[in-house]
Protein chains: 2
Amino acid sequence: MDRPELPLAQLHAFVVLAEELHFGHAAARLGIAQPPLSQQIRRLEDKVGHALFTREPGRVALTGAGRELLPAARRAFTDLADGLAAARAVGSGRTGRLRIGFAASLALTVLPGLLRGFRERFPGVRLDIREMTTAPQIAALRDKAIDVGLLREPPADDADGAGLAFRTVLTEPFVAVLPSAHPLAALRTVRLVRLADEPFVLLPRDAGPRLHDQIIGLCEAAGFTPRVTQRAVEWQTACALVETGLGVCLAPASIRRIRLKGVAFRAIEPNARTRVAVGWRADDPSPLVAHLLETVGRDPDSAR
Amino acid sequence: MDRPELPLAQLHAFVVLAEELHFGHAAARLGIAQPPLSQQIRRLEDKVGHALFTREPGRVALTGAGRELLPAARRAFTDLADGLAAARAVGSGRTGRLRIGFAASLALTVLPGLLRGFRERFPGVRLDIREMTTAPQIAALRDKAIDVGLLREPPADDADGAGLAFRTVLTEPFVAVLPSAHPLAALRTVRLVRLADEPFVLLPRDAGPRLHDQIIGLCEAAGFTPRVTQRAVEWQTACALVETGLGVCLAPASIRRIRLKGVAFRAIEPNARTRVAVGWRADDPSPLVAHLLETVGRDPDSAR
DNA sequence: GCGGTCCATACGCACAGAGATATCAGGCCA
DNA sequence: TGGCCTGATATCTCTGTGCGTATGGACCGC
């Protein structure tokens with residue numbers, strides 16, 4: 001890529017003159033006087049090394065060299081104008097691509113409203129959403145495989161979260177998930193200690209250590225260590241296991257939305273809540289991330 | 001076509017930096033110090049309105065906006081470089097198109113050598129050659145339908161030739177064209193007056209008035225007015241008519257080259273010569289015309 | 001903690017070039 | 001022949017900006 005030889009201003013004058021074929025009119029279109037235009041063209045011709053126009057009195061015409069240069073100059077201008085427009089669109093966040101990781105359990109709660117709100121404001125942005133549990137989202141954020149994550153129980157900033165930022169989107173209570181036929185399902189509220197002897201279904205600790213440990217902690221605070229007999233990667237799966245009688249589980253309240261027959265969701269006592277947060281790279285310059293964070297804060301759906 | 005917003009120098013710096021992703025190296029490649037490069041990029045970013053690079057300590061990377069602008073800038077540069085090269089090629093006459101009109105009778109004499117010589121020197125130039133008689137060539141030159149004409153007996157500059165220039169390429173004697181069986185064909189030289197009673201074959205006056213009038217003038221100088229019984233547009237045709245016994249004719253000596261059986265070519269007395277000239281628009285800026293004129297002057301074949 | 005790397009900033013200089021005004025020269029038409 | 005249109009030329013001004021040196025601040029590796 002050599003250093004550019006032809007100033008764009010002169011090429012602009014050239015293109016306009018090639019269209020007008022009249023120095024006075026071209027100068028008017030350029031918003032300058034006629035002598036400067038003559039100079040521009042002259043300088044350009046000096047640099048090219050050949051005349052670009054023939055100036056017979058009365059009519060200005062392109063030379064062969066000018067005819068070669070004209071389309072190239074036009075292409076260069078449209079290239080630059082298009083590129084500039086595209087760069088500004090991306091820079092301002094009106095267009096581009098945003099990769100969002102989300103916990104599967106949010107697909108029925110915050111996610112739809114958030115996506116709807118964002119798409120209304122930025123219809124030109126392509127959203128790549130992919131379902132992932134908490135720990136993979138952290139890794140994907142750091143690897144720049146996703147730009148934003150919607151996850152449960154974010155890590156502390158000074159631990160795994162270095163370089164990442166998180167903001168709580170909402171908190172929700174835990175509920176007990178029981179088979180419908182289970183005796184405790186007859187109660188409106190289940191005291192946690194009553195689950196001490198039940199087999200537990202839990203998510204693998206790898207998927208989201210803090211949420212996992214929080215659940216264990218709740219049980220221990222209630223005076224027992226849960227006996228985990230099954231693991232399931234998804235809450236839906238966990239509920240299905242509960243329904244088949246393989247155990248009970250504690251889950252975020254939004255899990256009610258899946259309306260699985262054969263399982264009952266009951267408030268627990270003592271009360272406990274889990275946080276849903278949005279996470280991103282703290283130094284990400286993308287305006288799309290900023291826009292999404294605004295949308296999270298603004299969207300009334302996400303506040304429920 | 002709007003006024004260009006982005007100086008090419010800054011775009012150049014941008015492209016190089018995007019390739020190096022290192023201010024120091026990019027500045028070295030540009031042959032400048034590092035601070036000026038930082039300024040260039042900064043100014044460009046100001047004009048675009050968004051950051052084009054992220055400068056995390058240790059690594060420089062393109063932003064989304066930068067990624068949009070980069071290919072456009074590259075395209076613009078290659079467009080301009082190609083266009084400039086093409087314009088210079090055409091401007092210097094290394095390439096382009098040259099339209100040449102020529103009299104059919106020259107196809108066997110000056111034309112082949114001329115074209116060969118020109119093509120050797122300018123292999124990139126496309127030659128459009130078209131056979132035309134003298135008068136149409138004059139009109140075609142003026143209408144810019146051809147750029148150069150090879151013709152016989154050019155008009156005077158102050159008459160039809162206004163704005164056109166001519167240069168004599170060669171002169172050649174007239175010869176008498178006779179049927180082989182004609183009694184005069186037995187002589188080596190034919191005195192013109194001996195043709196006084198013969199029917200004449202001539203080209204139409206419209207095709208080349210000066211040549212036509214010159215032939216008539218020769219006869220009248222010899223003391224008779226030729227009785228024209230046939231017209232033929234081409235010398236070849238005229239010779240064929242002579243062969244069938246429809247008359248005799250006077251033709252430029254190069255007509256011997258057609259080696260038609262049944263006709264004899266004989267020198268005439270008094271001697272008389274006809275001129276072959278090259279013609280062009282006096283104000284034609286095309287370097288190809290100049291090159292062709294040089295070739296006409298230089299080519300040894302054309303001097304024969 | 002210390003030097004080294006890397007980029008940004010500050011300041012100054014110099015020059016190209018873009019602009020204006022005024023004027024000139026060549027054709028064209030009345 | 002004189003007015004008019006068109007484009008070129010001359011001269012001046014001034015701004016943008018390209019480049020340099022000097023310096024500062026952040027981060028990294030030893």
Side-chain angles (χ1 to χ4, degrees), chain A residues 1-48 50-63 66 73 162-163 281-283 285, chain B residues 1-48 50-63 66 73 162-163 281-283 285:
Chain A
M1 192 76 58
D2 289 344
R3 88 176 322 113
E5 298 185 59
L6 310 180
L8 280 188
Q10 291 172 15
L11 284 169
H12 186 215
F14 165 68
V15 171
V16 172
L17 179 57
E19 286 168 5
E20 297 288 336
L21 292 180
H22 185 291
F23 278 74
H25 300 169
R29 236 182 79 184
L30 289 166
I32 63 176
Q34 169 262 318
L37 175 59
S38 288
Q39 287 184 15
Q40 299 271 50
I41 299 300
R42 182 156 172 36
R43 270 195 283 268
L44 186 62
E45 287 177 329
D46 285 348
K47 283 177 180 141
V48 172
H50 305 280
L52 298 172
F53 294 95
T54 59
R55 290 91 151 163
E56 298 165 37
R59 62 177 147 278
V60 174
L62 279 170
T63 63
R281 286 181 294 280
D283 62 350
Chain B
M1 192 77 59
D2 289 344
R3 91 175 321 112
E5 298 185 59
L6 310 180
L8 278 188
Q10 291 172 14
L11 285 169
H12 185 214
F14 165 68
V15 171
V16 172
L17 180 58
E19 285 168 5
E20 298 288 336
L21 292 179
H22 186 290
F23 279 74
H25 300 168
R29 238 182 77 185
L30 290 166
I32 63 176
Q34 169 261 317
L37 175 59
S38 289
Q39 287 184 13
Q40 299 271 49
I41 300 300
R42 181 154 171 40
R43 271 195 283 268
L44 185 62
E45 287 177 329
D46 285 348
K47 282 179 179 141
V48 172
H50 305 281
L52 298 172
F53 294 95
T54 60
R55 290 92 150 162
E56 299 165 37
R59 61 176 150 279
V60 174
L62 279 170
T63 64
R281 285 182 293 281
D283 61 351

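Remember, predicted model here, so these are calculated numbers, not experimental data. Note: hydrogens, waters and symmetry copies are ignored here, and every other heavy atom, side chains too, is used. Lettering follows sequence order; numbering is per chain, from 1.
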Check the distance between [N]'s [atom2] and [X]'s [atom1] and give it to me in whole angstrom.
X	N	atom1	atom2	answer
B/Q34	D/dG25	CD	C1'	13 Å
B/L21	C/dT5	CG	P	20 Å
B/L37	C/dC6	CG	C1'	12 Å
B/E20	C/dT5	CD	C1'	17 Å
A/L8	C/dA18	CG	P	11 Å
A/R59	D/dT6	CZ	C1'	13 Å
B/L52	C/dA8	CG	P	12 Å
A/R42	D/dA10	CZ	P	9 Å

Is it the case that D/dC19 (base atoms only) and B/Q39 (side chain only) share a donor and an acceptor within less than 3.5 Å, ignoring hydrogens and angles?
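Yes, the side chain and the base share a sub-3.5 Å donor-acceptor pair.
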Any [X] side-chain N or O less than 4.0 Å from OP1/OP2 of [N]:
X	N	result
B/H25	C/dC6	no
A/K47	C/dG17	yes
B/R55	C/dA8	yes
A/S38	D/dG7	no
B/H22	C/dC7	yes

Atom of A/A61, atom of A/L21 and distance for their closest heavy-atom approach
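Closest heavy-atom pair between A/A61 and A/L21: CA-CD2, 4.1 Å.
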Which atom names give the shortest non-hydrogen contact between B/A13 and B/L37, and what distance separates them?
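Taking B/A13 first and B/L37 second, the nearest heavy atoms are CB-CD1, 3.7 Å.
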Could you check B/R43 against B/I32 and say which one's nearest nucleotide on DNA chain D is further toward the 5' end?
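Final value for this comparison: B/R43.
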Can you tell whether the side chains of B/E45 and B/R55 come within less than 4.0 Å, N to carboxylate O?
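A salt bridge links B/E45 with B/R55.
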At under 4.0 Å between heavy atoms, what does A/Q10 touch on the DNA or RNA strands: base, sugar-phosphate, or nothing?
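Sugar-phosphate contact only.
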Select base, sugar-phosphate, or nothing to describe what A/Q40 touches, counting heavy atoms under 4.0 Å on all strands.
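Contact class for A/Q40: sugar-phosphate only.
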What's the closest nucleotide to the B/P36 side chain, out of D/dC19, C/dA10, D/dT17?
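Output: D/dC19.
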Nearest to the side chain of A/F23, which nucleotide is it out of C/dC7, D/dG7, C/dA18?
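For the A/F23 side chain, the nearest candidate turns out to be D/dG7.
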Name of the residue among B/R42, B/Q40, B/Q34 meeting side-chain hydrogen bond (donor to acceptor under 3.5 Å, both in side chains) with B/S38:
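With B/S38 as partner, B/R42, B/Q40, B/Q34 yield a single side-chain hydrogen bond (donor to acceptor under 3.5 Å, both in side chains), made by B/Q34.
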Output the distance between atom CD (A/E20) and atom CG (A/L17), rounded to the nearest 0.5 Å.
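A/E20 CD to A/L17 CG: 8.5 Å, rounded to 0.5 Å.
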